[in-house]
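Taking it in order: structure first as structure tokens, then the write-up.
FYI, the numbering just counts along the sequence from 1. Because only heavy atoms are used, hydrogens play no part in the values below, and waters and symmetry mates are left out as well, while side chains stay in. Both counts, for ligands and for their atoms, begin at 1 and track the order of listing. Everything numeric here is computed off the predicted structure, so don't read it as measured data.
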Amino acid sequence: MRVLVTGGAGFLGSHLCERFISEGDEVIAMDNLLTGDVRNFAHLQDNPRFSFIQHDVSRFIEVDGELDAILHFASPASPIDYLNYPIQTLKVGALGTHNTLGLAKQKNARYLLASTSEIYGDPLVHPQPETYVGNVDTIGPRGVYDEAKRFAESMVMAYHRTHDLDTRIVRIFNTYGPRMRLDDGRVVPNFIGQALRGQELTIYGDGSQTRSFQYVDDLIEGVYRLLHADYHLPVNIGNPSEMSILQFAQFVNEITENAAGITYVDERIKGDPQTRQPDIARARELLGWQPRVDLEHGLQRTIDYFRELV
Ligand code: UDP
């Protein structure tokens, strides 16, 4: 296959490029490097089946030659990033999705959208199945990301229904692993960075809010299987093992042997979901997929990666 990965210099995008390369495919990574980093694919650059185009997919996209698949992973994705770049976030979710869909139609390529658990907002149904329509504040601080991704899903389904485009939608739940940016503001790099520096871990609010953390390899496997399955409605890919942010902080301190403890700070962003846990029945049934890497092993690999950077 000849595959275009937008956001190919990002955390998830670069892992995805790596997977296609290891499967023997040809990969074009596209990224405007707003939040991505070319160091994430430095190890692929000598491979003749890999190439990189620096381009903002919110603008018209041109790619020479045939394409078999387009995976649209470009977007700021951490709350700090999309608060810093609200308009770029809206544009890449809306215009970037439109442009990549147009390219897929022109090339007759299969299309996969990276959507998100954020489309469920601060959920009133728990855990969240794909049939839950969500609870999002359109004008809240997270609305720029949540609504862009909701619009993107609608656009993908419109191309599927109107142009018979061969599309997929993956709803990605909290994912962590090597190549996250240490300063992206998310809880995993924040806590690991603080723990490795021997600092207190900063819990926003009272720490009772929950998340379910998935290791990046599990996500990539799920995305790869979905791309090769014949299914067009959204599929949740995430790890259902849910914990409170307080429990997560204690766990990070335990495995890093950080004696500095925790501190409570008032930095919760309005609309920060109180709970989040994927219902993965659909992925299990359709893809025979389930997470394989437990939190301890996944965190250990992530800590090893961050240790070099702190
Ligand atoms: N959080 C925290 N301390 C931090 C960073 C984040 O307590 O240093 C909390 C944040 O308020 C949220 C959860 O951890 O409830 C997950 O935040 P993250 O930014 O990783 O992603 P989200 O799941 O909110 O998109």
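Annotation for Y132: hydrophobic cluster partners, listed by chain and number, are I119, Y120, L124, V125, F173 (ILVMFWY side-chain heavy atoms under 4.5 Å, direct or chained).
Residue L165 holds its CG atom at 8.0 Å from CG of N108, rounded to the nearest 0.5 Å.
Neither the backbone nor the side chain of E267 has any atom closer than 4.0 Å to an atom of ligand 1 (non-hydrogen atoms only). Residue-level proximity to ligand 1 for I80 is absent, since no heavy atom of it falls below 4.0 angstrom. At a heavy-atom distance under 4.0 Å, atoms from both the backbone and the side chain of V187 approach ligand 1. Of the heavy atoms in R142, only side-chain atoms (C-beta onward) come closer than 4.0 Å to ligand 1. Contacts with ligand 1 closer than 4.0 Å are made by side-chain heavy atoms of N190 only, the backbone lying farther away. Counting heavy atoms closer than 4.0 Å to ligand 1, residue R268 contributes side-chain atoms (C-beta onward) but none from N, CA, C or O.
When hydrogens are left out, the protein atom nearest atom 10 (C) of ligand 1 is D272 OD2, 3.3 Å; that is the closest non-hydrogen contact. With respect to atom 3 (N) of ligand 1, the closest heavy atom belonging to the protein is T202 O, 2.6 Å. Looking from atom 9 (C) of ligand 1 to the surrounding protein, the closest heavy atom is Q209 NE2, 3.9 Å. Protein heavy atom at the shortest distance from atom 16 (C) of ligand 1 is R211 NE, 3.6 Å. For atom 1 (N) of ligand 1, the closest non-hydrogen atom on the protein side is Y204 CD1, 3.5 Å.
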Practice problem: Determine, stepwise, if the pair Y159 / Y111 fulfils ring-ring contact (aromatic ring centres under 6.0 Å, His included). | Solution: CA-CA 10 Å; Y159 267 70; Y111 186 93; 8.2 Å; no

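The ligand atoms of ligand 1 that sit less than 4.0 angstrom from a heavy atom of G185 are 5 (C). Atoms of ligand 1 found under 4.0 Å from any heavy atom of E118 (numbered from 1 in listed order, with element): 25 (O). Near I203, the atoms of ligand 1 lying under 4.0 angstrom from a non-hydrogen atom of the residue are 7 (O).
Between D272 and R211, at least one side-chain nitrogen of the basic residue sits less than 4.0 Å from a carboxylate oxygen of the acidic one, meeting the salt-bridge criterion. Comment: R301 engages D217 in a salt bridge, judged by a side-chain N to carboxylate O separation of less than 4.0 angstrom. For the pair E118 and R171, the salt-bridge criterion is not met [side-chain N within less than 4.0 Å of a carboxylate O].
Taking a 4.0 Å cut-off on heavy atoms, F248 fails to register as neighbouring ligand 1. For the ligand labelled ligand 1, residue P273 lies outside the 4.0 Å heavy-atom shell. Under a 4.0 Å heavy-atom criterion, Q194 is not in contact with ligand 1. Assignment of S78 to the shell around ligand 1 is not supported, since no heavy atom sits closer than 4.0 Å.
Where the criterion is an N or O separation shorter than 3.5 Å, residue side chain and backbone included, R186 fails it with respect to ligand 1. Considering backbone and side-chain N/O atoms, N174 comes within less than 3.5 Å of an N/O atom of ligand 1.
Checked against H72 for a side-chain contact (heavy atoms from CB on, under 4.5 Å), the options T6, V5, L4 give a single hit: T6.
In this model, no donor atom of one side chain and acceptor atom of the other lie less than 3.5 Å apart for N236 and R282. Donor-acceptor pairing under 3.5 Å is lacking for the side chains of Q88 and S58. Side-chain contact of H43 with Q45: a donor-acceptor pair under 3.5 Å is absent, judged by distance alone.
Note on ring orientation: taking the six-membered ring where Trp is involved, the planes of F11 and H15 are perpendicular (angle over 60°, cut-offs 30° and 60°).
The nearest non-hydrogen atom to atom 13 (C) of ligand 1, considering only I245, I269, T263, comes from I245.
Residues T175 and M180 come closest through the heavy atom pair O-CE, 3.6 Å.
Between R168 and P234 there is no side-chain heavy-atom pair separated by less than 4.5 Å.
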